[in-house]
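Here is the structure we will look at, set down as structure tokens.
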Amino acid sequence: MSKSRRRESADSESKELPIYRHRSKLVDAVRENSFLLVTGETGSGKTTQLPQYLHHAGFCKNGAIAITQPRRVAAITVAQRVAQEMHCTLGKEVGYQVRFDDYTSQDTVVKYMTDGCLLREVLADSSLSQYSIVVLDEVHERSLNTDILLGLLKKKILSNPEKGRSFPLKVVVMSATLESDKLSAFLGNCPVFSIPGRTYPVDCTFGFAVGPKDVDSTGYVKEVVKMAFDVHTSERAGDILVFLTGQLEIERACDLLFEKAETIDYRYDVQDQTVDGLLILPLYGSMPTDQQKQIFQSPPPGIRKCVVATNIAATSLTINGIKYIIDSGFVKQLNHNSRVGMDILEVVPISKSEAQQRAGRAGRTSAGKCFRIYNEAFWEKSMPEYTVPEIQRTSLTSVILTLKCLGVHDVIRFPYLDRPEERFILEALKQLYQFDAIDRRGNVTPLGQLMVEFPLQPGLTRALLNAASLGCEDLMLPVAAMLSVENIFIRPGKPEKQKEADEQHRALAAKSGSLNDFATLLSVFQSCKSSDRPSSWCKENWIHWRALKSAFSVETQLREILLRLKQKRDFPVETFHGNRSELLRRCLCTGYFTNVARRSIGKVFCTMDGNGSMVHIHPSSSLFDQEGELNWIIFHDVLVTSRVYVRTVCPIRYDWVKDLLPKLHEVNVYELSSVAREEVTEDEMKKWEAKEAAKRQADPAEDITKKLEKRNNEATISDARARYLERKQQRKQNKAP
DNA sequence: CGCTGGGGG
């Protein structure tokens, strides 16, 4: 196609979009209001068109237009598309900015970016003086960063819109139609502009196999397979998309589907996974990217494609030609668990709105059908109306530090669209205090100011800064990078391959020369980096090359930030005498003393936080089954399956954390909440300090051990164990016939 | 002796 023809088609295409006839009214509405809410379903064209209208109307004279997206790929692809429509080179008038990838220049006036990037920019310039308009897109997804930006912009515009600026900032909030009243009310009853979408009807039917009683079982995998096969053998042409929760489940479902398909005479030999006109394709995030791309190819004529996916297919990837949805009704979700004081991944029923979202994936190009394997009672009793927004179910430590650094002292009364539970906020404050990021009055410390600069969880940042002050950041930078990317160890679904992978991983641990999973990460990082052919090194060792590559990028970024901070401020440098292994572990202690555990009986360890949970070392750890002197450990994260497991573990000496442990108990919730609300008096503060001093007298380990005797800690284990046994039973029943 | 979704900086 010639260039002019392409231009023509892009132009006429955009004129056909539902948003086009609202063009002038939209521009007027933005001109007249500080806040505007634009709602519209997929296909309305709001993401690509609105910024162009505003650009043509001259809004970029004073500054650029920022449009935020919750995901990197979205920011990139939309920017590419808009650059094409505006006939400019990407990075000139139209550009994008995501972590590790900045396609913007002095000329950029329409800038697509991730919400996280804009939040970093707010930290550098809270008045956002380079922008005339901020457009928050996909607000209904309720990503943590978007929610925070929403509150910050509301606060700023309602209180002092022109502070630090030569003209007032405008904010456009874009969202699906759902909950538009609530959003408008939140933004001071701002006007709502709704744009019709362009989707086709999807006919939904309920199944009968899964009911409210099945919330804790995995029996749905079998049901999903059955239903997918029914659709394949009875419905007209059109591809199938199946929603399940995780990799192993998906691999199992694909195996079952393949077996079923083999029982039919009529067969095709297209690829080894293809029989009877059914092309079965798994899809999940940790899959190699080229394998992921395979799902976009249209199947050979006469063959039906069946994609078995995680929630990645709900928003991140859009597959064309999907006509049938099979919905398991479950999702894997990261929830904050106060009992362990950490975020834990668990399988839960989806919300009704999420079910509608899944169904909608069948109606993008033509009318479709959605088959839900659960019954109406499950819909009524087990599924909430809406998904609880991320801000109400994950750890807030980073977020609260960011707010504090932005001068939001009263983090409880901050304008949240949905307020997190107060105890979650207090927990975050407590952690920040423990890491010395805020003081007893809730003010950010100089250390906290340094910590906020790093794109890491606060504990890791704390350890990294400690390493820097001891002059051993070269040990900690790779470890921090490795722990902030997805799991780098590949563990396949097939048992034979598992054995092979496990052996390789054990060899890697042995190579690091110490019983320390953090040191193994460091060793893997260094070995791969110094290898001539890093990608084949990864393959041989069952390591995710993609994950390791991103760890390399993260490490470089962290190194640069550290260097910048060192030039800007005085860094206290202490000297340390001892060996490397001890040095690394001591640094880790400053960030992980909240995750200390002591051997209780046999293989059971007991955490030293107020909860005193009983935990086991995960079998993937090099410390698994190690007896002997191993009495004290720190760990990176917790996994609740058949037991409460800790993963990424290293042995420590009690001496190293002795002085830090009292911090786990000295924080009083009442005072902290007063601090958060700016209600604390000098008198109260003095009493508090006295109380803390008294607590510090006692030996923390003995103190906790005593407390534990009074508690029935078996509950922690037996809960998890009971659920596991139930699931196991369920699996047996499913296999029996 | 085991089983981690999807985002983001």
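We name chains A, B, ... by the order of the sequence lines, and we start the count at 1 in each one.
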Taking the minimum atom-to-atom distance to the side chain of [X], which one of [options] wins?
X: A/Cys117; options: B/dG9, B/dG7, B/dT4; value: B/dG9
X: A/Tyr645; options: B/dG5, B/dG9, B/dG2; value: B/dG2
X: A/Pro455; options: B/dG6, B/dG9, B/dT4; value: B/dG9
X: A/Leu334; options: B/dG6, B/dG2, B/dT4; value: B/dG6

Of all pairs that satisfy ring-ring contact (aromatic ring centres under 6.0 Å, His included), the ones with a partner from residues 331-357 of chain A, not counting sequence neighbours:
A/His336-A/Phe424
Whether [X] contacts [N] is assessed here as follows: a side-chain N or O lying under 4.0 Å from the phosphate OP1 or OP2. Is that the case?
X: A/Ser484; N: B/dG9; value: no
X: A/Thr310; N: B/dG6; value: yes
X: A/Arg72; N: B/dG9; value: yes
X: A/Thr114; N: B/dG9; value: yes

Using atom types as modelled, flag every donor-acceptor pair under 3.5 Å from a side chain in residues 460-467 of chain A to any protein atom, sequence neighbours excluded.
{"from": "A/Thr461", "atom 1": "OG1", "to": "A/Gln457", "atom 2": "O", "distance (Å)": "3.1"}
{"from": "A/Arg462", "atom 1": "NE", "to": "A/Phe435", "atom 2": "O", "distance (Å)": "3.0"}
{"from": "A/Arg462", "atom 1": "NH2", "to": "A/Asp436", "atom 2": "OD2", "distance (Å)": "3.3"}

Just how far, in rounded Å, is P of B/dG9 from CZ of A/Arg564?
16 Å
Shortest non-hydrogen separation from A/Leu396 to A/Ala428 and the atoms involved:
C-CB, 3.7 Å
Describe the nucleic acid contact of A/Gln557 in one word from base, sugar-phosphate, nothing, applying a heavy-atom distance below 4.0 Å.
nothing
When all nucleic acid strands are considered with a 4.0 Å heavy-atom cut-off, which category describes A/Phe100: base, sugar-phosphate, or nothing?
nothing
Is it the case that the side chain of A/Gln333 and the backbone of A/Val347 share a donor-acceptor pair, with hydrogens and angles ignored and the cut-off at 3.5 Å?
no
